[in-house]
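A short worksheet on the structure shown next.
A, B, ... follow the sequence lines: proteins, then strands. Residue 1 opens every chain. Not measured: the values here are computed from a predicted model.
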There are 2 protein chains.
Amino acid sequence: MTNDGTTAGAASKADGAATGSGDIARSLELLWGTGERPSRGPKPGLSPDRIVTAAVAVADAEGLAAVSMRRLSTELGTGTMSLYRYIPGKAELLDLMLDRVQGEPFAVRPDEPPADWRAAIDRMARGHLDNLRRHPWLLKINQARTVLGPSALRGLELALTGLRGMGLRDPELIGVIITVNSFVEGLARTQADAAEAVAQTGLSDEAFWENQRPYLERAMLSGAYPVMAGMAEDTFSSDFDQFEFGLQRLIAGFDALVGERAAEREAPRT
Amino acid sequence: MTNDGTTAGAASKADGAATGSGDIARSLELLWGTGERPSRGPKPGLSPDRIVTAAVAVADAEGLAAVSMRRLSTELGTGTMSLYRYIPGKAELLDLMLDRVQGEPFAVRPDEPPADWRAAIDRMARGHLDNLRRHPWLLKINQARTVLGPSALRGLELALTGLRGMGLRDPELIGVIITVNSFVEGLARTQADAAEAVAQTGLSDEAFWENQRPYLERAMLSGAYPVMAGMAEDTFSSDFDQFEFGLQRLIAGFDALVGERAAEREAPRT
DNA sequence: CGTAATCGGGTACGGTGTACCCAGTTCGAT
DNA sequence: ATCGAACTGGGTACACCGTACCCGATTACG
């Protein structure tokens, strides 16, 4: 309210996608808000919801870069500036897109809970990965100022519910979630980046590496990289499932801690 | 050579920061290149090296968003278009910035090797984290088409050297590196995003969460999130070191696999 | 010395987010 | 019934961005 214009202008100068740059109170209202119309004035022909839906559709289909105010306005058949009647700015639009899409994986399966915490982690990781594959643009949004909407809270609640059985302290449970999600996001980002690179350059991965081959071979023969030069042919093959490998390692690592804690409870003060 | 303009134009339409979008052969030449001057024409007043140095300086100080061709040209005291005499386009500039900065952590310590693979992973993780903190903009560059320059190869060689002692198969060693790096990048990204959000909005984290508090409290009291509502006060405190926690879990997870493999070698065909 | 090759860089184009402003619409108060 | 406040729609304009295109100045080879 007190702050129009200046800050938003500064925010827009910054990097690619940021969240929560604008009026947070406004974002919160939009997320939890009642949607009550003011009594006076003509009926609005648009709604934040419709704009967010259109934005997510464009982002899914063509990437976050295709989501521009002009593009959305033509998509919705309105003037560009009309969008600003419903959304304070692009930053808030990203906020809303985030919350919309984060709810999806949990809306799908309200069914049976995971058997134990191992299954919960497995499900959490796969769900997160699926969602990131469906909406790769999620990886480009600054989530630091994510406004915690209903969807985000529900996701966190479900995750914590599945992990309670580990018998760890509360901050450690958060640590487990962070560690797993970081790992998943890293892999998802690698894949998304690769796909984007192919789309942008029109050059396949194979062709790209073929271009580098002569330089790499020269480097390997130079003797400066003895370990790499001696590695197996299939080392960088895509046959190896990095997701499964990493996830199993993570679960094993948590298991060790869970075991320690259980032992301590059994025989305290050793 | 055969491909001027059109592809580069298409590439520039895409998202934020991408790498290897341009002429790969040119990028490779710049990375490994001899730097031989052509014989005719006036002496160049600039060099790719100077441009990259300026670009890294600006990115470190003000973020990747501040790195624009116009900005670099004023920084270097030349005309904007002069930069294109030395670098095919912005995509290639990002390539070069990447390789420049990836070499740093290994240039610093050519000294004693780590005691064992555990120490190697620890060192790798901390080195990576330090580097990402020094150059947060690294997290915004699409690395899928990273041109493997000398620095990148040297880093990979050192990492593999430290991990050889684990006794795992070669693709698994890569898996270890990927898993650790994904985790580290996830944490670094969280921190970088937070810092960026503060810089953009001028709003501290505390103030931000304070804004959300009423909505969160209402949600907690609603009974829809019983597990979260019952968590300890310090659950989301920043006192808890997420980096240490996650890293120890990862090492424990790898340890389990290393133990299995050692046992198999001891008593094969059980 | 001519000329081919290279360097420096100005201008222009199509893209972005959005500030600012005005015209048209609708409803509450009088 | 009428007036005006509150609201919606949206056109125009500005400051950025990357870079295609082109021209004049400079240099060294034939």
Side-chain angles (χ1 to χ4, degrees), chain A residues 3-18 21-23 26 36-48 50-51 55 58 62-74 76-94 200, chain B residues 3-18 21-23 26 36-48 50-51 55 58 62-74 76-94 200:
Chain A
N3 153 22
D4 0 307
T6 32
T7 354
S12 74
K13 286 190 77 169
D15 241 316
S21 314
D23 196 329
R26 186 69 203 283
E36 54 195 13
R37 284 222 311 106
S39 54
R40 222 119 27 136
K43 264 180 292 188
L46 226 51
S47 71
R50 279 190 61 202
I51 299 177
V58 171
E62 305 175 41
L64 199 59
V67 178
S68 75
M69 299 312 254
R70 282 169 178 80
R71 169 65 187 275
L72 290 181
S73 69
T74 67
L76 291 163
T78 70
T80 304
M81 295 315 291
S82 303
L83 301 178
Y84 287 89
R85 293 275 161 209
Y86 303 90
I87 285 176
K90 199 179 183 182
E92 288 78 7
L93 175 57
L94 296 176
Q200 274 180 34
Chain B
N3 155 21
D4 354 305
T6 32
T7 357
S12 73
K13 284 189 79 170
D15 241 315
S21 315
D23 196 330
R26 186 68 204 283
E36 54 195 13
R37 286 222 310 105
S39 56
R40 238 164 308 188
K43 262 181 292 187
L46 226 50
S47 71
R50 279 190 62 202
I51 299 177
V58 171
E62 304 174 43
L64 199 59
V67 178
S68 75
M69 300 311 254
R70 283 171 177 82
R71 169 66 186 273
L72 290 180
S73 68
T74 68
L76 290 163
T78 69
T80 304
M81 295 316 291
S82 304
L83 301 177
Y84 288 89
R85 294 273 160 209
Y86 303 90
I87 286 177
K90 200 180 182 181
E92 289 77 7
L93 174 58
L94 294 177
Q200 274 180 34

### Task
Return the value, rounded to whole Å, for the distance between atom CG of B/Leu64 and atom P of D/dG18.
10 Å

### Task
Ignoring hydrogens and angles, answer whether the base of C/dG15 and the side-chain atoms of A/Arg70 contain a donor-acceptor pair closer than 3.5 Å.
no

### Query
How would you list, by chain and number, every residue that makes a salt bridge (charged side-chain N to carboxylate O under 4.0 Å, His left out) with A/Arg50, sequence neighbours excluded?
none

#### Entry: A/Leu64 vs A/Leu94 side-chain heavy atoms within contact, under 4.5 Å
yes

### Pair A/Leu93-A/Leu72, side-chain contact (heavy atoms from CB on, under 4.5 Å): steps then yes or no
CA-CA 11 Å; A/Leu93 175 57; A/Leu72 290 181; 3.6 Å; yes

### Query
Which atoms form the tightest heavy-atom contact between B/Leu83 and B/Ser73, and what is the distance?
CD1-N, 4.0 Å

### Message
Tell me the interatomic distance from B/Leu72, atom CG, to D/dT19, atom P, rounded to whole angstroms.
### Response
12 Å

### Query
What is the minimum heavy-atom distance between B/Tyr86 and B/Ile51, and which atoms define it?
CB-CD1, 3.8 Å

### Message
Rounded to whole Å, how long is the line connecting atom CZ of B/Arg71 with atom C1' of D/dA15?
### Response
16 Å

Check nucleotides 8-10 of chain C for protein N or O atoms closer than 3.5 Å to its own N or O atoms and list the pairs.
from  : atom 1 : to      : atom 2 : distance (Å)
C/dG8 : OP1    : B/Gly45 : N      : 2.6
C/dG8 : OP1    : B/Tyr86 : OH     : 3.4
C/dG8 : OP2    : B/Tyr86 : OH     : 2.3
C/dG8 : N7     : B/Arg85 : NE     : 2.9
C/dG8 : N7     : B/Arg85 : NH2    : 3.3
C/dG8 : O6     : B/Arg85 : NH2    : 2.5
C/dG9 : OP2    : B/Gly79 : N      : 2.9
C/dG9 : OP2    : B/Ser82 : OG     : 3.1
C/dG9 : O6     : B/Arg85 : NH2    : 3.3

### Query
Could you give the CE-to-P distance, from A/Met69 to D/dC14, as a whole number of Å?
21 Å

### Query
Of the non-hydrogen atoms in B/Val67 and B/Lys90, which two are nearest, and what is the gap between them?
O-NZ, 2.8 Å

### Message
If I take atom CG in residue A/Leu83 and atom C1' in nucleotide C/dA19, what distance separates them, rounded to the nearest angstrom?
### Response
15 Å

### Task
Calculate the interatomic distance between A/Lys90 atom NZ and C/dA19 atom C1'; express it in whole Å.
17 Å

### Query
Whole Å only: how far is the CD atom of A/Glu92 from the P atom of C/dG17?
13 Å

### Query
Rounding to a whole Å, what distance do you find between A/Ile51:CD1 and D/dT8:C1'?
12 Å

### Message
So if I take every side-chain heavy atom of A/Tyr84 and compare against D/dT27, D/dC17, C/dG17, which nucleotide ends up nearest?
### Response
C/dG17

